[in-house]
Amino acid sequence: MTATFRWLRPTLAVACLLTSAAVTTRLAAQSPTSLVVQSRAMQLHFSSRDGHVLSVRDAAGRHRAGVPNDSIGLWSLDIVIGTTTLVTTSVNAASAREFTSRRTPQGLELRWRGFSAPEANRLEVVATVAMRPDTTAAWRLRGNGIAGVRVERVHYPRLSGIMIDDGMELAVPAWMGQKARNPQAMLHREDGGSRRHEWVYPGAASLQMLSLSSAARGGMYFAADDSAAYRKHFVLWGEANGTAGYAMTHVPSDPGRANQYSPTYAALVGLVAGDWLSAVERYRRWGTAQYWARESRLHTGTTPAWLLNTGLWEWNRGRSTEVLQPAAALQNAAKLPVSVFWHWWHGGPYDTSFPDYLPPREGEQPFVQAVAQAQAAGMHAIVYMNQRLWCTNTPSWTREGAERWAVRERDGSLRLETYNVFNPLPCATMNPATAFWRDKYTGIADTVLNQYGLDGIYMDQAVLSLMDWSPDHGHPVGGGNYWMQGFRTLAKELRAKARGRAAGFAGEGGGESWLPDLDAFLTLQVSQERYADPASGWEVIPMFQAAYHPYALTYGTYGSLTLPPYDELWPAEKRPATAMQLLDVKFVRQFHLEQARMFVWGMQPTIANFRPDQLTERATEMAYLFRLARLRYGLRDFFQSGEFLRAPAVEVSRDTLLLSRISIYAARLGGPTEARLETPEVLGGTFRAPDGRVAVALAGINLEPRRIRVTLDPSAWGVPTGARIVRHDDQGSREIGRIRGARQTLEIEMGALQALVLELRR
């Protein structure tokens, strides 16, 4: 039937403006009206012709997203055709011959039928949009009539014309988090072409959200409310008119088997009033109510006590003489409990011999003795065991028939990954959803924990997920959440192997889905300039810590005072003469910056490639590290258990640092390349302890004394008027004033390379 629409002026008092009956339009019917759904803070206009988004407006009426015409529409499906030669075709909302809409109590239902593509002749797509009170809308989709049709990707919701205003920043939870201060350059090439970015969850996307906004004018917020960790992709691209496009990509399991596909979760699109932290704070309210936060190791008190009491991490590689003996010297100098993050302990060369770790390269008996001596001195060690790689050149690969249980690509080929640039041998990816791989991994762990006496395992590449197309691995192929289910089973089996020992397990990166299973997260982006070009446009931000600081221990840095080491088992002829030599002193300020970031973002401090001679040859840097580590250790109720709050405004000069672009182990022959980065000379962070006290952390990377101005915001932090301001630094603690009311600015003397904490207490 044909609908007659009345033009209605949108007002904030109207919750939903639609015709009360179901409305059908043919694509040929050009109606000037739009379908409008709105709440107090957001208004959505949909085309009455094909359902695409005409406009997203905020409470002030500003246009945030939407286009008059869209050749694809609100959704699209990627359908794979064929058995031997696979061809992908797309069906989208704009190609439907019939579009229907109707009002629902919360918003709107949209329905598309009649597709000319033969593989979609029975297809019906139903989408709903429901307004929420938090300035977001929940978007759900159901595809009917797809039995026998291999729908491998569902892109919904899909928005075009997202405005990129001056001052906006794009923030994405790439593990720890990163932001682009110039989203235009990130999404558009200089020649006017489009750049496309995609972040996979669960995995490299540690949270299910991203934002494109500014502190002054706010912006767009994109998220999902999936508590079961189904695979999905967050996608952004640039569009020809200088705007952006967005889609959430859902990945069905067993494409072609079911007659219906409908994600169990909602995609969220909405507005946020402030910057990236405002967006994370909104997400945090939902995320910390989910099972992964309620059951997190840190929150439930099941994290081993030695991990909680770690004052400083040493990340070294090689035999015990290169790892444990330097750690003892570090512990003696720092006067803090040192834990050891130990690579290259295993019998084979790094990156080409996994999982044939046993016996240790120095021999079983010397290794066990060295571990016992370190423990007697109060140190604890976790050793490297890659969680998913089996190198195909190893004897065990053939002997144990591992290929049968390796991850397969969609075309049936083996998924191979090669990392070693000196001896480029491939490794296959193994799936924790298979009992075969779990048995292999936990069997090695049994020896490591109970025979060798180690305190835990670093499970490299754990905080990632993949798709496995193997049809006989006992789980759906393609998308789904079997990877996370398999990892949770693996984690339980590992703890059973520990036989009651206080074993700690760590993983690479940050990821909310892994909070119940891992004790610590290696968040290396604090030193991302050592492996990523500072001119890339991406700047590290602590999104993961901002969301889950009281629920996750984070540690780690590539920050080193030396050039990278070289594995003694790699080809001798390719060994750089400079391996483990001290970096030029001109690069030390990069080390200062990395340590300052860890301090103000609440991480456990770490030093990589430590040698005892650094205590004298780089005494200034080591003294700085110790000042930060001791201050943090004495205030762990803030830095380890506290809620992440907005940092104070700090007025201080900026400086340009010279950076060494070389990673922790040699990624290239020769020395480092150089880069530069401009940064404030004092970094800040704020944490609220469980009892309500607030701590403002300040870490200076200034080489000369500075007088700085720090603006406190006690009302935003929940601190009452009259609260005492107590300064903690390496000279002790003393009261320096009281909170007088609203925002309050303090002038503070910062010595060279000084750190301090301002505690606000009743």
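Keep in mind that this is a model prediction, so the values were computed, not measured.
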Taking the ring of [Y] and the ring of [X], is the distance between their centroids below 6.0 Å?
X    : Y    : value
Y548 : F644 : no
H549 : F639 : no
W199 : F234 : no

Is it true that a side-chain atom of [X] and a backbone atom of [Y] form a donor plus acceptor pair closer than 3.5 Å?
X    : Y    : value
R707 : E749 : no
D455 : I382 : no
D729 : A755 : no
Q614 : M622 : no
E508 : Q461 : yes
W306 : A502 : yes
T606 : G556 : yes
T523 : M176 : no
R284 : A546 : yes
Q290 : S227 : no

Checklist entry - Can you list the steps and then say if F341 with E314 is a side chain to side chain contact (heavy atoms under 4.5 Å, CB included)? => result CA-CA 6 Å; F341 179 35; E314 179 221 58; over 6 Å; no
Any side-chain donor near an acceptor of the partner, [X] and [Y], under 3.5 Å:
X    : Y    : value
S206 : Y201 : no
Q528 : E539 : no
T711 : T745 : yes
H380 : S339 : no
Y283 : E512 : yes

Checklist entry - Should V172 and Q178 be marked as a side chain to side chain contact (heavy atoms under 4.5 Å, CB included) after you check the CA-CA gap, both sets of side-chain angles, and the distance that decides it? => result CA-CA 6 Å; V172 297; Q178 59 189 23; 3.5 Å; yes
Using a strict threshold of under 4.0 Å (side-chain N to carboxylate O), is an ion pair present between [Y] and [X]?
X    : Y    : answer
R285 : D134 : no
R597 : E529 : yes
R693 : E759 : yes
E681 : R706 : yes
D275 : R646 : yes
R676 : D655 : no
D165 : R217 : yes
E617 : R611 : no

[atom1]/[X]: more than 12 non-hydrogen atoms of other groups inside 6.0 Å:
X    : atom1 : value
E704 : CD    : no
D691 : CG    : yes
R294 : CZ    : yes

Next on the checklist: By the definition ring-ring contact (aromatic ring centres under 6.0 Å, His included), identify the one residue from W175, W514, F521 that meets it with F544.
Outcome noted: F521
Item to check | Ring geometry between Y458 and Y384 (parallel below 30°, tilted from 30 to 60°, perpendicular above 60°) | outcome: tilted
Checklist entry - How are the rings of W292 and W286 set to each other: parallel, tilted or perpendicular (split at 30° and 60°)? => result perpendicular
Checklist entry - Taking the six-membered ring of F599, is the NZ or CZ of R632 close enough (under 6.0 Å from the centre) and on axis enough (within 45°)? => result no
Next on the checklist: For F587, does the six-membered ring have the charged nitrogen or CZ of R589 within the cation-pi criterion, i.e. under 6.0 angstrom from the centroid and within 45° of the normal?
Outcome noted: no
Item to check | Partner residues of P612 under the side-chain contact (heavy atoms from CB on, under 4.5 Å) criterion, sequence neighbours left out | outcome: P326, A329, F610
Closest heavy-atom contact between [X] and [Y]?
X    : Y    : result
A629 : L336 : CB-CD1, 3.5 Å
R636 : N309 : NH1-OD1, 2.8 Å
L628 : A596 : CD1-N, 4.1 Å

Checklist entry - Hey, mind stepping through E322 and R317 against side chain to side chain contact (heavy atoms under 4.5 Å, CB included) and telling me if it holds? => result CA-CA 7 Å; E322 300 166 296; R317 298 169 180 253; over 6 Å; no
Next on the checklist: Under the criterion side chain to side chain contact (heavy atoms under 4.5 Å, CB included), I'd like the reasoning laid out for W313 against I607: C-alpha separation, chi angles, the key distance, then a yes or no.
Outcome noted: CA-CA 6 Å; W313 284 92; I607 183 171; over 6 Å; no
